[in-house]
2 protein chains.
Amino acid sequence: MDAFGALADPTRRELLDLLSRGERTAGELGSVFPSVSQPGLSRHLRVLREAGLVRARRQSRHRIYSLRSEGLAPVDFWISKYRGFWETELDALESFLDAQGRAGARRPTRRGTRDR
Amino acid sequence: MDAFGALADPTRRELLDLLSRGERTAGELGSVFPSVSQPGLSRHLRVLREAGLVRARRQSRHRIYSLRSEGLAPVDFWISKYRGFWETELDALESFLDAQGRAGARRPTRRGTRDR
DNA sequence: ACGATTATTAGCCCTAGAGTTATAGGTTCT
DNA sequence: AGAACCTATAACTCTAGGGCTAATAATCGT
């Protein structure tokens with residue numbers, strides 16, 4: 001399964017979110033998902049591994065997982081082609097709203113993707 | 001199926017790529033994929049519609065599809081949390097783009113983020 | 001109204017994904 | 001070596017995704 005497929009599952013996305021805050025052992029990751037069985041979680045981790053999104057190393061009896069963020073680069077590259085689209089559309093929406101009521105001259109500047 | 005799931009299929013990603021260059025009728029989109037039956041393509045378009053990634057309107061006998069880029073915003077937002085990672089770790093996006101064949105521009109994608 | 005055109009839905013298969021229990025693989029401790 | 005621990009794999013079931021053909025819907029031209 002490629003990276004796009006791996007990201008389709010919410011559990012796996014949450015695993016990546018956890019790992020983005022630091023490496024964790026498989027057991028620690030599993031304890032966050034009481035609803036998922038241990039083998040089930042191991043399988044999710046395997047999918048993430050084979051998609052190149054995490055790596056695992058062994059330390060004593062544990063397996064320590066860490067993020068391999070480069071694996072997300074193709075996904076980000078793909079979506080970056082669209083990034084301008086909704087920015088300009090939202091800008092258009094904003095100026096429409098300006099025209100509707102607000103006399104405010106707040107010019108919508110091109111900005112990052114994280115507002116909204 | 002949510003947007004992440006919709007993007008997991010390569011045919012659907014290609015459909016979005018086509019629509020990013022302008023609206024197309026269902027038939028025009030289908031002609032690009034001779035390997036996929038017409039009902040099969042219609043199903044992909046339905047998935048994209050229900051995921052909020054495209055919209056369709058009717059014009060005479062045709063159904064004209066167009067991109068709804070805002071639907072991609074949640075995906076971009078999710079991945080934006082990781083964007084800094086590979087820049088600081090490896091700058092792997094650049095190597096990815098190099099591997100794609102493009103001569104290495106220091107800032108390959110047009111980006112609106114305001115890091116640094 | 002009828003036939004032609006364009007696209008969607010319905011009704012099937014068939015495979016892949018995700019979950020489960022049971023088992024195996026390593027590692028550490030005694 | 002054997003027990004305890006942590007994680008991965010095997011074998012199986014069940015469901016959802018995706019493909020196909022056939023049928024249905026909507027529109028246009030005559």
Side-chain angles (χ1 to χ4, degrees), chain A residues 1-19 22-68 71-72 75 78, chain B residues 1-19 22-68 71-72 75 78:
Chain A
M1 192 181 295
D2 68 340
F4 285 95
L7 294 187
D9 186 280
T11 300
R12 289 196 288 263
R13 289 201 300 277
E14 207 172 332
L15 283 169
L16 293 177
D17 282 338
L18 286 168
L19 290 176
E23 46 184 34
R24 302 268 190 284
T25 69
E28 288 168 343
L29 293 171
S31 67
V32 180
F33 303 89
S35 60
V36 182
S37 69
Q38 183 265 324
L41 203 102
S42 185
R43 257 166 77 91
H44 279 307
L45 289 171
R46 180 211 254 254
V47 170
L48 289 172
R49 248 187 291 128
E50 294 178 347
L53 299 178
V54 304
R55 76 176 72 79
R57 68 176 199 277
R58 200 168 200 123
Q59 191 190 45
S60 83
R61 276 178 289 192
H62 300 277
R63 224 170 252 269
I64 304 188
Y65 278 87
S66 54
L67 190 64
R68 253 188 102 198
L72 287 171
V75 181
W78 186 87
Chain B
M1 189 182 294
D2 68 340
F4 284 94
L7 294 186
D9 185 281
T11 300
R12 288 195 289 261
R13 289 201 299 278
E14 207 171 332
L15 283 169
L16 293 176
D17 282 338
L18 286 168
L19 290 176
E23 47 184 33
R24 301 268 191 285
T25 69
E28 287 169 344
L29 293 170
S31 68
V32 180
F33 303 90
S35 62
V36 182
S37 71
Q38 187 262 330
L41 204 102
S42 186
R43 257 167 78 91
H44 280 306
L45 288 172
R46 179 211 255 255
V47 170
L48 289 172
R49 247 186 291 126
E50 294 179 346
L53 298 178
V54 305
R55 79 176 69 79
R57 70 176 198 278
R58 221 185 224 307
Q59 191 191 44
S60 82
R61 275 177 289 191
H62 300 277
R63 222 168 254 270
I64 303 188
Y65 279 86
S66 54
L67 191 64
R68 252 189 101 200
L72 288 171
V75 180
W78 185 88

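Just so it is clear, the model here is predicted, and its values are computed rather than measured.
Atom CD in B:Gln38 sits about 13 Å away from atom C1' in D:dT24, given to the nearest Å. B:Glu50 places its CD atom 11 Å from the P atom of D:dG17, with the value rounded to the nearest Å. C:dT8 atom P lies 12 Å from atom CD1 of B:Ile64, rounded to whole Å. Rounding to whole angstrom units, CG of residue B:Asp2 and P of D:dG17 are separated by 10 Å. Spacing between atom CG of B:Leu41 and atom P of C:dT8 amounts to 9 Å, rounded to whole angstrom units. Counting to the nearest Å, the P atom of D:dG17 and the CG atom of B:Leu48 are 14 Å from each other. Computed from coordinates, the B:Leu45 CG to C:dT8 C1' distance equals 10 Å when rounded to whole Å. A:Arg58 places its CZ atom 9 Å from the P atom of D:dT7, with the value rounded to the nearest Å.
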**Request:** Take B:Leu7 and A:Leu7, measure what side-chain contact (heavy atoms from CB on, under 4.5 Å) needs, and give me the verdict at the end.
**Result:** CA-CA 9 Å; B:Leu7 294 186; A:Leu7 294 187; over 6 Å; no
**Request:** Go through the steps to decide whether A:Gln59 and A:Glu23 satisfy the test side-chain contact (heavy atoms from CB on, under 4.5 Å), and finish with yes or no.
**Result:** CA-CA 12 Å; A:Gln59 191 190 45; A:Glu23 46 184 34; over 6 Å; no
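Shortest non-hydrogen contact noted between A:Ala56 and A:Arg49 is CB-CD, 4.3 Å. For B:Ala8 against A:Gly5, the heavy-atom pair with the smallest separation is CB-CA, 4.0 Å. Closest non-hydrogen pair, A:Val54 versus A:Leu45, comes out as CG2-O, 4.1 Å. The nearest pair of heavy atoms linking A:Leu48 to A:Ala6 is CD2-CB, 4.3 Å. Residues B:Ala26 and B:Leu41 come closest through the heavy atom pair O-CD2, 4.0 Å. Here the closest non-hydrogen pair linking B:Leu19 and B:Arg24 is CD2-N, 3.9 Å.
Each of D:dT9, D:dT27, D:dC20 was ranked by its minimum atom distance to the side chain of A:Pro39; first place goes to D:dT9. The side chain of B:Arg61 lies closest to D:dC28 when the candidates are D:dC28, D:dG18, D:dT9. The side chain of B:Arg43 lies closest to D:dG19, out of D:dG19, D:dC6, D:dT21. Closest to the side chain of A:Ser37, from the set D:dC5, C:dT8, C:dT21, is C:dT21.
Between B:Tyr65 and C:dT8 there is a side-chain polar atom (N or O) within less than 4.0 angstrom of OP1 or OP2. An OP1 or OP2 oxygen of C:dG17 is reached within less than 4.0 angstrom by no side-chain nitrogen or oxygen of A:His44. Between B:His62 and the phosphate of D:dT27, there is no side-chain N or O to OP1/OP2 separation shorter than 4.0 Å.
Near-neighbour residues of DNA chain C inside residues 8-19 of chain B, defined by a heavy atom below 4.0 Å, are absent. DNA chain D is contacted by B:Ser35 of residues 23-35 of chain B, taking any non-hydrogen atom closer than 4.0 Å.
A residue-by-residue look at B:Arg63 and A:Ser42 shows that A:Ser42 has its nearest nucleotide of DNA chain D further toward the 5' end. Closest-nucleotide positions on DNA chain C for A:Met1 and A:Val36 were compared, and the one nearer the 5' end corresponds to A:Met1.
One finds the CG atom of A:Leu15 at 11.0 Å from the CG atom of A:Leu67 (value rounded to the nearest 0.5 Å). Distance check, rounded to the nearest 0.5 Å: CD1 of B:Ile64 to CD of B:Glu28 gives 8.0 Å.
Taking 4.5 Å as the limit, some side-chain heavy atom of B:Leu16 sits within range of a side-chain heavy atom of A:Trp78. The shortest side-chain heavy-atom distance between B:Glu14 and B:Phe33 falls under the 4.5 Å cut-off.
Scanning DNA chain C for stems, defined as runs of 3 or more consecutive Watson-Crick or G-U wobble pairs whose donor-acceptor distances all fall under 3.5 Å, gives the following ranges: C:1-30 with D:1-30.
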